[in-house]
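What you are looking at is a predicted structure, and each value in this text was computed from that prediction instead of being measured. Because only heavy atoms are used, hydrogens play no part in the values below, and waters and symmetry mates are left out as well, while side chains stay in.
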Amino acid sequence: MTQPLAILIVGDTDRAEFRDARRELDRWGSVTAAGSIAEAAAALEGSSYAPAVIVIAQAYPGEFPSEAVEQLRRRAPLARFVALLSPWCEGETRSGRPWPGGIRVYWHQWPARAARELARIASGLFSSWSLPATASEEERCLALSGEAINIRDGLVAVISPHPAMQEWIAAACRRQGFATVPVRPQSEISVGEVVVAIFDGSEAQGVELAELRRWAAAVAPAPLIALLDFPRVEDRDRALAAGAAAVLSKPFVLEDLYWQIERSLI
């Protein structure tokens, strides 16, 4: 049984990268939106409002200084702080000053990660977002590694020009119980009746986009999941327009891939 969550989201949620995430949050409870840290602090000041999750939608590095986030944390010490990050924040951990003690989720990772973690929080189950604020990303990944895997059957076509990547994806699918068939992107289409296809790409442009479109049509009505390198909104939209059922960013954790497969088979 799930309980509705109180969620506070801070930032410009009208940005293209954040709109879907904002709409998705409404599924999980009551969402309060604040355009700035000051507005968020005012919502928390002198009231009984105690959000379970505070999402800070950061459009660019340094938009929300660590000091300001820390002030907000003091007002809501039990809340889980999650940074929802735009593409401009991809290099922040190398050249910027990301605020400490926060969970970092890029906009393209949000669908799988948020759905999985919010569902667990709402159900009163363990969530990697519930680990202490000092937990590292590696520790959160390790916490997920013991989760049960839904066992499936059927054939998965793994379409990739890279044999090592192809085998890694295939091994992950076999762990779920699927049979797999390796396919080179520009090969003749003859893979049998598949239940899911996984297309290993980069930016969904040019020849690659044409191949994605060709394979999406070939395996239909089975869904095709496209894997892209740190996609921008326009990359995702091109892949979806070409027939992909979903887009997953590389690098990814296996739990994100499993979530996308489960979702595509509903």
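By the criterion of side-chain heavy atoms lying less than 4.5 angstrom apart, applied directly or through intervening Ile, Leu, Val, Met, Phe, Trp or Tyr residues, Leu227 is not grouped with Phe230; the two fall into different hydrophobic clusters. The hydrophobic clustering, which links ILVMFWY residues whose side-chain heavy atoms are closer than 4.5 Å, places Phe178 and Leu257 together. Under a hydrophobic-cluster definition in which Ile, Leu, Val, Met, Phe, Trp and Tyr are linked whenever side-chain heavy atoms come within less than 4.5 Å, directly or via other members, Leu240 and Trp107 are assigned to different clusters. Taking hydrophobic clusters as Ile, Leu, Val, Met, Phe, Trp and Tyr residues chained together by side-chain heavy-atom distances below 4.5 Å, Val55 does not share a cluster with Leu85. Note: the hydrophobic cluster containing Leu131 does not contain Leu125 (ILVMFWY, side chain heavy atoms under 4.5 Å, direct or indirect links).
Remark: Asp14 pairs with no residue by the side-chain hydrogen bond (donor to acceptor under 3.5 Å, both in side chains) rule, at least two apart or across chains. Partners of Ala245 under the side-chain contact (heavy atoms from CB on, under 4.5 Å) rule, at least two apart in sequence or in another chain, are Pro223. Annotation: ring pair (Phe, Tyr, Trp, His ring centres under 6.0 Å) contacts of Trp88 (sequence neighbours excluded): none. In this view, Gln71 satisfies the side-chain hydrogen bond (donor to acceptor under 3.5 Å, both in side chains) rule with no residue, not counting sequence neighbours. Every residue meeting the side-chain hydrogen bond (donor to acceptor under 3.5 Å, both in side chains) condition with Arg23, not counting sequence neighbours, appears here in chain and number order: Asp20. Evaluation of the ring pair (Phe, Tyr, Trp, His ring centres under 6.0 Å) rule for Phe18 yields no partner, not counting sequence neighbours. Applying the side-chain hydrogen bond (donor to acceptor under 3.5 Å, both in side chains) rule to Ser128 yields the partners Glu117; only residues at least two apart in sequence or on another chain are considered.
When side chains are defined from C-beta on, His162 does not count as touching Glu167, because their heavy atoms never get closer than 4.5 Å. Trp110 has its side chain within reach of Leu84: a pair of non-hydrogen atoms, C-beta onward, lies under 4.5 Å apart. Taking 4.5 Å as the limit, some side-chain heavy atom of Val82 sits within range of a side-chain heavy atom of Val53. No side-chain heavy atom of Arg236 sits less than 4.5 Å from a side-chain heavy atom of His108. Residues Glu17 and Tyr106 fail the side-chain proximity criterion, which asks for heavy atoms closer than 4.5 Å. Using a 4.5 Å cut-off on side-chain heavy atoms (C-beta onward), Asp200 and Ile159 make no contact. Considering only heavy atoms from C-beta on, Ser249 stays 4.5 Å or farther from Leu228 through its side chain. Under the 4.5 Å side-chain criterion, counting only non-hydrogen atoms from C-beta, Ile9 is in contact with Leu25.
Interatomic distance, Ile7 CD1 to Trp28 CH2, rounded to the nearest 0.5 Å: 9.0 Å. Between the CG atom in Leu78 and the OG atom in Ser130 there is a gap of 11.0 Å [rounded to 0.5 Å]. Between the CG atom in Leu212 and the CZ atom in Phe199 there is a gap of 4.5 Å [rounded to 0.5 Å].
Ion pairing between a basic and an acidic side chain is recognised when a charged N comes within 4.0 Å of a carboxylate O; Glu255 and Arg116 show no such pairing. Classification of Asp235 and Arg232 as a salt-bridged pair fails, no side-chain N sitting under 4.0 Å from a carboxylate O.
Closest approach of Pro185 to Arg214, counting heavy atoms only: O-NH2, 3.1 Å. Among all heavy-atom pairs drawn from Ala216 and Ala244, the shortest one is CB-N, 4.5 Å. A pairwise comparison of heavy atoms in Gly102 and Arg73 identifies N-NH2, 4.2 Å as the closest pair. When all heavy atoms of Ala33 and Arg22 are compared, the pair lying nearest together is CB-NE, 4.5 Å. Scanning all heavy atoms of the two residues, the minimum distance from Ala79 to Pro51 falls at CB-O, 3.4 Å. Here the closest non-hydrogen pair linking Ala222 and Val194 is CB-O, 3.3 Å.
Val10 forms part of a hydrophobic cluster together with Leu8, Ile37, Leu44, Tyr49, Ile54, Ile56, Phe64, Val69, Leu72, Phe81, Trp99, judged by ILVMFWY side-chain heavy-atom separations under 4.5 Å.
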Checklist entry - side chain to side chain contact (heavy atoms under 4.5 Å, CB included) between Leu118 and Leu5: does it pass, once the steps are laid out? => result CA-CA 8 Å; Leu118 291 173; Leu5 300 174; 4.0 Å; yes

Next on the checklist: Walk me through whether Arg19 and Thr13 qualify under side chain to side chain contact (heavy atoms under 4.5 Å, CB included).
Outcome noted: CA-CA 6 Å; Arg19 286 180 200 142; Thr13 55; over 6 Å; no

Checklist entry - Can Val196 and Ser264 be said to form a side chain to side chain contact (heavy atoms under 4.5 Å, CB included), step by step? => result CA-CA 8 Å; Val196 178; Ser264 71; 4.3 Å; yes

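Contacts classified as salt bridge (charged side-chain N to carboxylate O under 4.0 Å, His left out) and involving residues 218-229 (residues at least two apart or in different chains) are given here: Asp229-Lys250. Pairs of residues two or more places apart, or lying in two chains, that qualify as ring pair (Phe, Tyr, Trp, His ring centres under 6.0 Å) and include a residue from residues 245-266 are Trp168-Phe252. Here salt bridge (charged side-chain N to carboxylate O under 4.0 Å, His left out) pairs that include residues 102-114, with residues two or more places apart or in two chains, are Glu92-Arg104, Arg113-Asp256. Evaluation of the side chain to side chain donor-acceptor pair (under 3.5 Å) test over residues 60-69, restricted to residues two or more places apart or in two chains, returns none.
Applying the 6.0 Å contact sphere to CG of Asp153 captures no more than 12 heavy atoms from other residues, nucleotides or ligands.
With hydrogens and angles ignored, the 3.5 Å screen pairs a side-chain donor or acceptor of Arg238 with a backbone N or O of Glu203. A donor-acceptor pair under 3.5 Å is absent between the side-chain atoms of Arg152 and the main chain of Gly177, judged by distance alone. Between the side chain of Glu39 and the backbone N or O of Gly35 there is at least one donor-acceptor pair closer than 3.5 Å. Looking at Ser123, its side chain does come within 3.5 Å of a backbone N or O of Ala119 through a donor-acceptor pair. Looking only at distances, a side-chain donor or acceptor of Arg120 sits under 3.5 Å from a matching main-chain atom of Phe126.
A side-chain N or O of Thr180 and one of Arg174 form a donor-acceptor pair less than 3.5 Å apart. If you check the side chains of Ser86 and Arg15, you find no donor sitting under 3.5 Å from an acceptor. Checking Ser202 against Glu208 by side-chain atom types alone, a donor-acceptor pair falls below 3.5 Å.
With Gln260 as reference, Leu248 is the one residue of Val247, Leu248, Leu265, Ile198 to meet the side-chain contact (heavy atoms from CB on, under 4.5 Å) rule.
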